[in-house]
Amino acid sequence: MKGYDPLAIESKWQKIWEERGVFKVERDVHKPKYYVLEMFPYPSGRIHMGHVRNYTLGDIVARVKRMKGYNVLHPMGWDAFGLPAENAALKQGIHPAKWTYSNIEYMKIQLKKLGFSYDWDREFATCDPEYYKFEQRFFIELYEKGLAYRSKSLVNWCESCQTVLANEQVEEGKCWRCGEVVTVKEMEGWFFKITQYAEELLEDLKKLDGYWPEKVILMQRNWIGKSEGAEINFYVPLIDKQITVFTTRPDTLFGVTFLALSPEHPLALEIAEATSLREKLLEFRERVRRERKKIEEELVEKEGFYLGAYALHPLTKEEIPLYTANFVLMEYGTGAIMGVPAHDQRDFEFAQKYRLPIKVVIKPETQELQPESMESAYEGSGVMVNSGEFTGLASEEGKRKIVEKLEALGLGKRKITYRLRDWGISRQRYWGCPIPMIYCERCGIVPERLENLPVILPLNAQIDSRGRSPLPELKEFVETTCPRCGGKGRRETDTFDTFVESSWYFARFTCPKDPQPLNKEDVAYWLPVDQYIGGIEHAILHLLYARFFTKALRDLGYLHIDEPFKRLLTQGMVIKETYKCPKHGWIYPEEVSSDGFCLKEGCGEKVLVGKPEKMSKSKCNVVDPDRLIEKYGADTVRLFVSFAAPPEKDLEWSDHGIEGAYRFLRRIYNLVAENADLLREVSFSEEEFKELTPPAKKLRRKLHQMVKKVHQDFEERMHFNTGIASIMEFINFLQDSLKELDLRDETNRKLLKEALEKTLLCLSPVCPHICEELWQRLGNESLIAQESFPQWSEELIKEETITLVIQVNGKVRDQIEVASGLAKEEALELVMQLPKIQKYLKNKTIKNVVFVPDKLINIVVD
RNA sequence: GCGGGAGUGGCGGAAUGGUAGACGCUCCGGACUUAGGAUCCGGUGGGGUUAUCCCCGUGGGGGUUCAAGUCCCCCCUCCCGCACCA
């Protein structure tokens, strides 16, 4: 008998699955559908452990749902545009397209080796014009609806990537991709009007409640950042114009002692010109821009200057000095604020610095505020004071009343403001989807005609050595005719942010070959995605964009759904401990001696063991999926990544752990292989299990308990680790029982066959190859991949006897085996006779007896 | 600063308010072996006694309850997200 040979088994079954088209799927209105999707990868070159984990989780879900009778859509493709391809081109002299496609080819082989049940017929790469032509079409349609527009604005610029970044793509002042410090620059570019959907994006988060991780919902809610307040107008006599401020605290209107405008505010410039402070303002503006994305350290100190003019308080008509200040953002609200030092900490700090008056208008319930002695602003609620006719009102009520008054006077109105900004999508990059717009001297900005799409990204471009996009230099691309007047036109040379491609790929997977962008019947049947699985790092970026795109495509008539992803699972990272040598920096585990010294170049320094961190090449703590598969096989790798931690938690890599997984599969393999000959011809039915010995009954009970537990954990809770644990537990039990089970007895053989088959069925979503092989060895001609999830019987699960725990005053004192279903009185009677218990009850009076049927009895004494 | 999450053996992790530590790893002991880093069997939270039992134990302190890892309040630590958003 040969031992477990994973590689032979795995390639054998992968081939059979492929030949028989087991995972191909078509729309079938007579079957319930299930769409499970994992975030598709960027083809960076090789699969990493994060992918393995992500796709294993998805594959388990897909296989379980298939076993439950669903028509399962489980596709895979490539998020193929992006900067790394250009960087590789620069470094290795390979064209981005060639680099990308050869990576795809290699990674596809890797995915296939892992035995994922994808319908590969649906595969596509987003850099294919057959994909992005529809994206261009969507863009033009959105443009025509006013949902895409071109505008000049301050943008985040990454010098190293030579491109602008959306707000969501700046993390702690640095580029999300390369970590370069982001600067602020004024540029023209294209935007999607995501803000038009701000309220809906916020409101619909409620629909995801309970289905998405709370954390993600919360992050999105914060990102959208709704705040309710008012816009209030202050008249500026000098220029005969109003300045509008946004505030969430209209109740503090009587506490205003200054107004502050963003240095970017157009009226700031206008006033400065009128007061001969133009130069000073421009200089200040420049400096603030430079300091805007502060680098690491704490906030830049508040700073500003008096603009030499005043505004009139809308209600008191007092003169309020006008300042410009670095902490007022042009992008939020109206770009101007009313300064209420007594009740806003920022205003307080600014007022202190420039010796502006502090006027208390809200009195807290418990204390008296004295402007001279205040050390910080009081930002809470309270009773209004010094506020004219509003004095004495509760601040909450005052908010309403003041806004009503301003509205009546035409000096203000209620206003809701969002932190979310429009999505800037222009990238000054080559390897992306061309933006299908044309600049005509006569007609201005004109979209390309739909029938001329796609605007194909020219592949004959020479990659610029300075890292700039070659597109603007490419005459045959740039020079074109205006689709409207036929005159000379210039093509837009910016390309889309690559997040645009991933904003609708899930929809295209339902009809990847359709001549229409989205086939009505296919999207109606398949969407939304029932289960989406990916990393938490996309909590905002990708998931927000995709939600927006879904709504926008709905409003264009392409989709019928409001939300793209019904359920979301965000899996944790794969982490591993790191090793650092004082001399050599990060080193590989192989470079550390068994007693912890650096072996590199005979170095001998003591190696520092770092805590587990996300796997990365630079920290030398990666493990290569290819090598693991080669050594243990895909099933072992899949088993380990789904067993070692629950999906949403970080998974700590363990060399010993994967050995354990391998050991378990070997045990199962040997167990079945040893008995296969004996069991091949055995058949069984429920009828034949009517009369069983107590140990046989117990075995079946454990089996059915296990099946139920696996079902709950795999299908409902998605806690694969505990489901697998219960399979292991059952196998342990089965092997123990086998010592006593005489297999010359036919019933026992039937029993064993049932146990093994059901176990294999349960394990098959996790380790499909070995289960397929052993299923066959047990004499089955069907594919386990096409079998149903095993049934269990609640009747069989019931225990005949249970362990009754006996407590005295809440402490466990004894336990006895009793028949299940025992009544309280009977139990008490039994328990009272136990010497151990009598010991504790001696000279005590029983005050209470708590009885939990089939669980415990607690005797309370004084 | 604001918001969120988490603290359970040597480790990863289990536990609808009902025997804390399932399952796996590590480690220890034993068996089989020329050998084992293979396989199998047994043990493995701490302390005390070992025939048996007993005490302590889920970051710390209170509380609710017959009963708390689980619910409530306060505190500590760590992780994550946002960060002048008016």
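Within every chain, numbering begins at 1; the chains are lettered A, B, ... in the order of the sequence lines, protein sequences first and strands thereafter. Every value quoted in this text rests on a predicted model; they were computed, and no experiment measured them.
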So what's [N] paired with, Watson-Crick or G-U wobble, going by both distances under 3.5 Å?
N     : answer
B:G81 : B:C2
B:G7  : B:C76
B:A67 : none

Residue whose closest nucleotide on RNA chain B lies nearer the 5' end, A:Gly225 versus A:Ala725
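This one resolves to A:Ala725.
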Measure the distance from [atom1] on [X] to [atom2] on [N] and round it to the nearest whole Å.
X        : N     : atom1 : atom2 : value
A:Asp650 : B:C78 : CG    : P     : 18 Å
A:Lys631 : B:G37 : NZ    : C1'   : 11 Å
A:His538 : B:C80 : NE2   : C1'   : 17 Å
A:Gln735 : B:U39 : CD    : P     : 13 Å
A:Arg666 : B:G24 : CZ    : P     : 15 Å
A:Leu639 : B:G13 : CG    : C1'   : 15 Å
A:Phe720 : B:C23 : CZ    : P     : 21 Å
A:Asp814 : B:C54 : CG    : C1'   : 14 Å

Does the structure place the NZ or CZ of A:Lys302 under 6.0 Å from the centre of the six-membered ring of A:Phe350, at an angle of no more than 45° from the ring's axis?
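Cation-pi check for A:Lys302 and A:Phe350: fails.
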Validate the cation-pi geometry between A:Lys702 and A:Phe733: distance from NZ or CZ to the six-membered ring centre under 6.0 Å, angle to the ring axis within 45°.
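That pair qualifies as a cation-pi contact.
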Is the distance from OP1 or OP2 of [N] to the nearest side-chain N or O of [X] less than 4.0 Å?
X        : N     : value
A:Lys811 : B:C56 : yes
A:Asn721 : B:C23 : no
A:Arg813 : B:C55 : yes
A:Arg663 : B:U39 : yes
A:Lys215 : B:G81 : no
A:Arg419 : B:A83 : yes
A:Tyr840 : B:C54 : yes

Main chain of A:Gly572, side chain of A:Lys649: is a donor-acceptor contact present, judged purely on distance under 3.5 Å?
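Looks like no, no N/O pair under 3.5 Å.
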Classify [X] by what it touches in the nucleic acid, base, sugar-phosphate, or nothing, heavy-atom distance under 4.0 Å.
X        : answer
A:Thr417 : nothing
A:Val245 : nothing
A:Leu218 : sugar-phosphate
A:Asn732 : sugar-phosphate
A:Arg221 : nothing
A:Val812 : sugar-phosphate
A:Lys847 : nothing

Pairwise C1' distance, B:G69 and B:C56 [rounded to whole Å]
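So the two C1' atoms sit 16 Å from each other.
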Is the distance from the ring center of A:Phe643 to that of A:Phe720 below 6.0 Å?
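Distance test on ring centres: not under 6.0 Å, no.
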How should the glycosidic conformation of B:G9 be described, syn or anti, under the criterion that syn lies within 90° of 0?
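Judged by the O4'-C1' to base torsion, B:G9 sits in syn, the angle falling within 90° of 0.
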Using a 4.0 Å cut-off on heavy atoms, which residues in residues 651-661 of chain A reach RNA chain B? List them by number, or say none.
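Within residues 651-661 of chain A, the residues near RNA chain B are A:Glu652, A:His656, A:Gly660.
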Answer yes if the side chains of [X] and [Y] hold a donor-acceptor pair under 3.5 Å, and no otherwise.
X        : Y        : answer
A:Ser227 : A:Tyr332 : yes
A:Asp422 : A:Thr195 : yes
A:Thr803 : A:Glu817 : yes

Enumerate the residue pairs fulfilling side chain to side chain donor-acceptor pair (under 3.5 Å) with a member in residues 722-731 of chain A, sequence neighbours excluded, ordered by first and then second residue.
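Only A:Asp713-A:Thr722, A:Arg717-A:Thr722 qualify under side chain to side chain donor-acceptor pair (under 3.5 Å).
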Nucleotide N/O to protein N/O under 3.5 Å, stretch nucleotides 62-70 of chain B:
| residue | atom | partner | partner atom | Å |
| --- | --- | --- | --- | --- |
| B:C66 | O2' | A:Asn858 | ND2 | 3.2 |
| B:C66 | O2 | A:Asn858 | ND2 | 2.7 |

Within the supplied structure, the quantity of interest is the number of heavy atoms (other residues, nucleotides, ligands) at a distance under 6.0 Å from A:Glu379 CD; does it exceed 12?
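Count over threshold, so yes.
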So for atom NZ, which belongs to A:Lys226, do other residues, nucleotides or ligands contribute more than 12 heavy atoms lying within a distance under 6.0 Å?
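Count over threshold, so yes.
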Over 60° means perpendicular and under 30° means parallel, so classify the ring planes of A:His343 and A:Tyr378, tilted if in between.
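Correct class here is perpendicular.
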Of the nucleotides B:U16, B:A86, B:A15, which has the atom closest to the A:Tyr332 side chain?
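Closest nucleotide to the A:Tyr332 side chain: B:A86.
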